[in-house]
Amino acid sequence: MSSLVLLPAVDVADGQAVRLVQGEAGTETSYGDPLAAALAWQEAGAEWVHLVDLDAAFGRGTNRELLASVVGALDVQVELSGGIRDDESLTAALSTGCRRVNIGTAALEDPVWCAKIIAEYGDRVAVGLDVRGTTLAARGWTREGGDLWEVLDRLESEGCSRYVVTDVTKDGTLRGPNVELLRQVCARTERPVIASGGVSSLDDLRVLSSLVPEGVEGAIVGKALYAQAFTLPEALAAVAA
Ligand SMILES: O=C(O)c1ccccc1N[C@@H]1O[C@H](COP(=O)(O)O)[C@@H](O)[C@H]1O
């Protein structure tokens, strides 16, 4: 059995690595230089970094050059996210050398384009299913974007290769992942699922590891690492198969 893949998160706002609470603008805690944060996760043993341009996700600017320089400086694989909504932003994102991109808003607001890039780029495109309850969230999680199950059915029919499932109400709260939501998504797709939101402890990671046979491939870990609830080596040891 494969081990749960851990993706430490580096979310960038105004040039700084930050963590938000439930994705709400204004709740930022700053953790300094994004490159230093990403390199620290790499040196601690990460195989992936989940790198997010929060300003682009909120539609209030970009950190595009900075994120490209972070991807370029890393040897590990990068999942790049935030504000990738058209050909221009997709081309820029993929040209950083990231392994894959994560599409949120555009999967809800521009389904034709989303289907096109799923067909064209295969597993270099994941779709972020960011939800409150079973209602999807778009545009920096400030707008509702439809029903989770309807959108998932559509993405399945289009051959989406991977889903990044975030319970927005858990994100940045250290309240534990939404296991029931993850199980329900896994029951409706054969595609791998990356769990996001709420991880607070090594026990949470062990619970997510137990979902690997159901289809949970990985977990994004943010606040818990920055708040030093555990170290990345401890987390990697906890999920080792
Ligand atoms: O990660 C966050 O804390 C976050 C908060 C608010 C909005 C978005 C956030 N994260 C990432 O942004 C993408 C969505 O970006 P877009 O809608 O495609 O522009 C989402 O999947 C998260 O990875």
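Counting from 1, the numbers follow the sequence of the chain as shown. Both ligands and their constituent atoms are indexed starting at 1 by order of listing.
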closest protein heavy atom to atom 15 (O) of ligand 1 is G82 CA, 3.5 Å
message: Contact between ligand 1 and R19 is defined here as a heavy atom of the residue under 4.0 Å from a ligand atom; is it met?
response: no
min-distance protein heavy atom vs atom 9 (C) of ligand 1 -> W141 CZ2, 3.5 Å
Here the gap from T189 atom OG1 to E156 atom CD, rounded to the nearest 0.5 Å, amounts to 3.0 Å
TODO: Hey, can you tell me if W41 and Y226 have their rings parallel, tilted or perpendicular (30° and 60° cut-offs)?
DONE: perpendicular
In ligand 1, the atoms that come under 4.0 Å of a heavy atom of H50 are 23 (O)
Requested in this report: Please say whether the positively charged group of R154, taken as NZ for Lys or CZ for Arg, lies over the ring of W149, i.e. under 6.0 angstrom from the six-membered ring centre and within 45 degrees of the axis.
Outcome: no
Logged contact type for D11 with ligand 1, heavy-atom cut-off 4.0 Å, is side chain
Atom 13 (C) of ligand 1 sits nearest the protein heavy atom S81 OG, 3.3 Å
Distance col, row I194:CD1 vs H50:NE2, nearest 0.5 angstrom, shows 9.5 Å
Notebook entry, point to check: Among side-chain atoms of D87 and T91, is any donor-acceptor pair under 3.5 angstrom?
Noted result: no
among protein heavy atoms, the one nearest atom 18 (O) of ligand 1 is G104 N, 2.9 Å
Among non-hydrogen protein atoms, atom 20 (C) of ligand 1 lies closest to D130 OD2, 3.2 Å
- Test item, A106 contacting ligand 1 (heavy atom, 4.0 angstrom): no
In this structure, atom 11 (C) of ligand 1 is nearest to the protein heavy atom V52 CG1, 3.5 Å
Side chain to side chain donor-acceptor pair (under 3.5 Å) with S196: of N102, D167, T166, only one passes, and it is T166
The closest protein heavy-atom partner of atom 17 (O) of ligand 1 is T105 OG1, 2.4 Å
Taking only non-hydrogen atoms of G83 and a 4.0 Å limit, the atoms of ligand 1 in range are 15 (O), 16 (P), 18 (O), 19 (O)
Here the atoms of ligand 1 under 4.0 Å from any heavy atom belonging to R85 are 16 (P), 17 (O), 19 (O)
At under 4.0 Å between heavy atoms, what of V164 touches ligand 1? The answer is neither
closest protein heavy atom to atom 7 (C) of ligand 1 is G140 CA, 3.5 Å
